[in-house]
Amino acid sequence: MSEAPKLTGLARKLILDGLLTQENAIKTQQQAAKDKNSFIKQLVVGNVLPAQKIAVAASQEFGIPLIDLSAIDHESLPVDLVDDKLIQKHHAIPLFKRGNRLYVGIADPANQIALEEIKFQTGTNTEAILCEVDKLDTLIEKILSKQDTGMDGLMDDDLDDLEFSDADEDDKKEEADTSDVDDTPVVRFVNKVFLDAINKKASDLHFEPYEKRYRVRFRIDGILREVASPPLQMAPRITARIKVMSKMDTAERRVPQDGRIKMHISKTRSIDFRVNTCPTLFGEKIVLRILDSSSAQLGIDILGYEDDQKQLYLDALANPYGMILVTGPTGSGKTVSLYTGLNILNTEDTNISTAEDPVEINLEGINQVNVNAKVGLDFGTALRAFLRQDPDIVMVGEIRDLETAEIAIKAAQTGHMVMSTLHTNDAPQTLARLVNMGVPPFNIASAVNLIIAQRLGRRLCNECKEVDNIPKEALLEEGFTEEDIAEGMTIYKAVGCDQCDSGNKGRVGIYQVMPVSEAIGRIIMQNGNAMDIADQAKKDGIDDLRRSGLKKVKAGIMSLKELNRVTKD
């Protein structure tokens with residue numbers, strides 16, 4: 001094949017050892033380039049080969065010693081010799097030092113730039129030690145998290161010293177005036193709640209006043225859990241503290257307010273919160289959304305797309321123009337899906353602009369705009385401005401009205417790639433919703449290339465999940481086919497252990513990825529409804545959300561109980 005000369009020495013080694021076919025090697029290398037991963041990283045995240053086999057082959061091919069990171073004392077690593085940014089940038093970590101020689105753990109033997117930069121910074125002679133990429137990932141994340149946040153110390157002694165600022169302010173020297181709530185116990189309590197939420201990987205924080213009690217809840221893996229119940233008398237002071245931190249009007253308690261908080265954990269790390277207050281019967285309820293920019297760097301293979309669904313998404317991204325719509329309820333991962341696509345398209349020769357309310361993920365190389373209705377900067381205004389700025393790709397946070405829909409579709413018809421979200425239950429209903437907004441059916445059929453409907457479900461913990469013996473009749477009622485059951489599938493249930501949360505650990509996406517085929521386009525132009533579109537999508541071989549979720553259950557990724565929580569027949 002003409003691509004063969006492009007293969008690296010490691011790829012050839014894996015082919016000769018019978019661990020990889022040439023076709024898979026080329027495909028993996030191409031995907032790695034798209035996702036901006038190394039070849040080794042792509043082999044692992046794409047579930048092509050186990051990290052251990054790759055490391056052994058790489059060690060033999062390059063003549064570099066291999067070390068098992070689980071066998072070394074992580075506390076004794078000389079990580080203070082190398083800047084955190086350099087560790088993160090090159091995915092390399094110092095393991096030990098002998099005289100003037102520093103031994104550096106890397107997963108990619110071809111990464112000589114890392115060794116040179118570390119050598120220049122430390123003034124030592126560097127030597128590579130090969131590590132398994134998954135173990136190196138885990139170690140670096142653990143080391144940087146511990147060094148960067150200092151969570152343990154913060155939660156005990158330094159809660160008063162955390163710095164906060166309005167996330168929309170450029171001047172970080174301007175600190176929030178806390179004179180209105182000069183209350184050390186309240187300050188410490190709020191700071192501790194924020195840190196606990198970050199530690200527990202919560203997505204949202206709820207502060208809720210009731211007649212006889214006050215509670216704090218975290219949303220973890222999509223489920224709300226009560227984590228604290230402070231005295232009711234503290235409610236007004238907690239509310240005032242959070243409103244001051246987010247630069248809200250503390251005297252105004254009758255109308256909802258929006259704000260943002262930037263929490264400076266260290267000199268190198270900060271966390272953003274989106275804040276909203278809402279007046280209730282017994283006081284103001286406050287909800288904070290933790291904005292996590294790192295989620296856009298996960299890569300498409302981590303999100304949970306089936307192979308055919310991932311290819312449909314990548315094919316749509318490869319189109320020079322047209323519209324990609326992502327739909328689902330709040331908190332279903334729509335923004336992460338869009339930004340994963342934008343990250344793939346984010347190259348030096350591409351002009352990408354986004355309008356969002358608010359910007360949740362910061363990504364270098366993309367021009368991001370926060371819409372602000374108070375000053376007249378809505379989605380429609382931002383879109384019109386983008387079209388005068390020589391765009392290649394435009395992302396609109398949400399299509400809420402006819403004006404925004406018409407401008408976005410016109411942009412998609414005139415040589416631009418447009419990406420956006422809608423709040424509908426599935427892909428067919430998205431097309432019907434655009435028609436109901438007043439968009440002409442012909443424009444929808446000609447502009448929309450792909451619709452992705454999605455949900456997020458909790459992933460089973462691999463350490464404790466157990467076989468769930470469900471009768472065949474019940475499985476058929478749940479939607480499994482005779483063929484599924486005949487294949488001897490195994491269904492698992494959540495149990496719970498010290499490694500997980502009630503038998504679940506993390507979340508995984510369930511998707512309906514529906515291209516707008518010619519047949520679906522005809523149905524739209526003939527004013528067909530969502531049911532007609534859904535029937536045609538089924539004929540086209542497109543899995544609905546339920547069927548896609550059943551595949552996750554069949555693969556042992558999710559329990560049937562969890563699938564029933566997030567989807568319905």
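Quick caveat: nothing in here was measured; it's all calculated off a predicted structure.
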Hey, mind stepping through Asp315 and Asn319 against side-chain contact (heavy atoms from CB on, under 4.5 Å) and telling me if it holds? CA-CA 7 Å; Asp315 290 345; Asn319 286 329; over 6 Å; no
For the pair Leu325 and Leu450, evaluate side-chain contact (heavy atoms from CB on, under 4.5 Å) and give the outcome as yes or no after the intermediate values. CA-CA 6 Å; Leu325 295 173; Leu450 186 76; over 6 Å; no
What's the verdict on side-chain contact (heavy atoms from CB on, under 4.5 Å) for His91 and Leu136, showing C-alpha distance, side-chain angles and the deciding distance? CA-CA 8 Å; His91 203 67; Leu136 186 61; 3.6 Å; yes
Does Asn564 form a side chain to side chain donor-acceptor pair (under 3.5 Å) with Arg546? I'd like the steps, not just the answer. CA-CA 9 Å; Asn564 287 331; Arg546 179 70 183 183; 2.8 Å; yes
Can you check side chain to side chain donor-acceptor pair (under 3.5 Å) on Gln311 and Asp307, steps first, answer last? CA-CA 6 Å; Gln311 195 56 51; Asp307 288 342; over 6 Å; no
Please walk me through it: do Met558 and Val508 pass side-chain contact (heavy atoms from CB on, under 4.5 Å)? CA-CA 8 Å; Met558 182 184 296; Val508 64; 3.6 Å; yes
Ser502 vs Asn504, test: side chain to side chain donor-acceptor pair (under 3.5 Å). Steps then yes/no. CA-CA 6 Å; Ser502 303; Asn504 297 288; over 6 Å; no
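To the nearest 0.5 Å, atoms CG (Asn343) and CG (Leu338) are separated by 12.5 Å. Here SG of Cys131 is found 4.0 Å from CG of Leu69. Values are rounded to the nearest 0.5 Å. A distance of 8.5 Å separates CG in Leu291 from CZ in Phe273, rounded to the nearest 0.5 Å. Once rounded to the nearest 0.5 Å, the distance linking CD1 of Ile93 with CG of Leu86 reads 11.5 Å. For the atom pair Asp108 CG and Leu10 CG, the distance stands at 8.0 Å (nearest 0.5 Å).
Asn351 contributes no side-chain N or O that, together with a main-chain N or O of Asp392, makes up a donor-acceptor pair within less than 3.5 Å. Remark: the backbone N or O of Asp544 is not paired with any side-chain donor or acceptor of Ser548 at under 3.5 angstrom. Listed for the Lys465 side chain is a donor-acceptor partner under 3.5 Å among the backbone atoms of Gly556. Between the side chain of Gln512 and the backbone N or O of Ile542, no donor-acceptor pair lies under 3.5 Å. One N or O on the side chain of Ser332 and one on the backbone of Pro329 form a donor-acceptor pair closer than 3.5 Å. Checking side-chain atoms of Thr327 against main-chain N and O of Leu422 turns up a donor-acceptor pair under 3.5 Å. A donor-acceptor pair is defined here as one N or O able to donate and one able to accept, closer than 3.5 Å; such a pair exists between the side chain of Asn346 and the backbone of Glu364. Side chain of Thr28 to main chain of Asn24: a donor-acceptor pair is present (N/O by atom type, distance under 3.5 Å, no hydrogens or angles). Although no hydrogens or angles enter the test, the distance criterion places a donor-acceptor pair under 3.5 Å between the side chain of Asn370 and the main chain of Val359. For the pair Thr421 (side chain) and Gly397 (backbone), a donor-acceptor distance under 3.5 Å is present.
Glu356 and Thr354 share a side-chain donor-acceptor pair at under 3.5 Å. Judged by distance alone, the side chains of Ser337 and Gln454 do bring a donor and an acceptor atom under 3.5 Å apart.
Residue Ser420 comes nearest to Val396 through the heavy atom pair OG-O, 2.8 Å, listed as atom of the first residue, atom of the second, then distance. Across all non-hydrogen atoms, the minimal contact from Ile510 to Gly549 is CG2-N, 3.5 Å. Listed here is the closest heavy atom pair of Ala114 and His90: CB-CB, 3.4 Å. When all heavy atoms of Ala316 and Ile324 are compared, the closest pair comes out as CB-CD1, 3.8 Å. Nearest heavy-atom pair across Val495 and Cys464 is CG2-O, 3.2 Å. Heavy-atom minimum distance, Ala405 versus Leu434: CB-CD2, 4.5 Å.
Of the candidates Asp543, Leu431, Asp540, Leu431 is the only one forming a side-chain contact (heavy atoms from CB on, under 4.5 Å) with Met514.
Lys554 is listed as a side-chain neighbour of Asp484, based on a closest heavy-atom distance under 4.5 Å. Side-chain contact between Ile491 and Phe480 is present, with heavy atoms from C-beta onward closer than 4.5 Å. Annotation: side chain of Phe39 is in contact with side chain of Leu14 (closest heavy-atom distance under 4.5 Å). Residues Gln31 and Leu314 meet the side-chain proximity criterion, which asks for heavy atoms closer than 4.5 Å. Side-chain contact between Leu130 and Pro109 is present, with at least one heavy-atom pair separated by less than 4.5 Å. With contacts defined as side-chain heavy-atom distances shorter than 4.5 Å, the pair Asp204/Ile290 does not qualify. Between His206 and Ile286 there is no side-chain heavy-atom pair separated by less than 4.5 Å. Glu398 is listed as a side-chain neighbour of His423, based on a closest heavy-atom distance under 4.5 Å.
Between Lys201 and Asp221 there is no salt bridge, since no side-chain N of the basic residue sits under 4.0 Å from a carboxylate O of the acidic one. Salt bridge Glu562/Arg458: present, at least one basic N to carboxylate O contact under 4.0 Å. By the 4.0 Å N-to-carboxylate-O rule, Lys505 lies too far from Glu463 to be salt-bridged with it. Residues Arg400 and Asp357 are paired through a salt bridge, judged by an N-O separation under 4.0 Å between the basic side chain and the carboxylate.
Shown here is Lys27, whose NZ atom has no more than 12 heavy atoms of other residues, nucleotides or ligands within 6.0 Å. With a 6.0 Å radius and a threshold of 12 heavy atoms from other residues, nucleotides or ligands, Met489 has its CE atom above the threshold. Within 6.0 Å of NZ on Lys135 lie more than 12 heavy atoms contributed by other residues, nucleotides or ligands. Under a cut-off of 6.0 angstrom, the local environment of CD1 in Ile113 is sparse, with at most 12 non-hydrogen atoms contributed by other residues, nucleotides or ligands. By the 6.0 Å contact criterion, CD on Glu306 is enclosed, its count of non-hydrogen atoms from other residues, nucleotides or ligands being greater than 12. Under a cut-off of 6.0 angstrom, the local environment of NZ in Lys200 is crowded, with over 12 non-hydrogen atoms contributed by other residues, nucleotides or ligands. When the shell of 6.0 Å around NZ of Lys53 is examined, it contains 12 or fewer heavy atoms from other residues, nucleotides or ligands.
Under the 6.0 Å cut-off for aromatic ring centres, Tyr511 and Tyr313 do not qualify, their centroids lying 6.0 Å or more apart.
For Arg274, the side chain to side chain donor-acceptor pair (under 3.5 Å) criterion is met by Glu360, not counting sequence neighbours.
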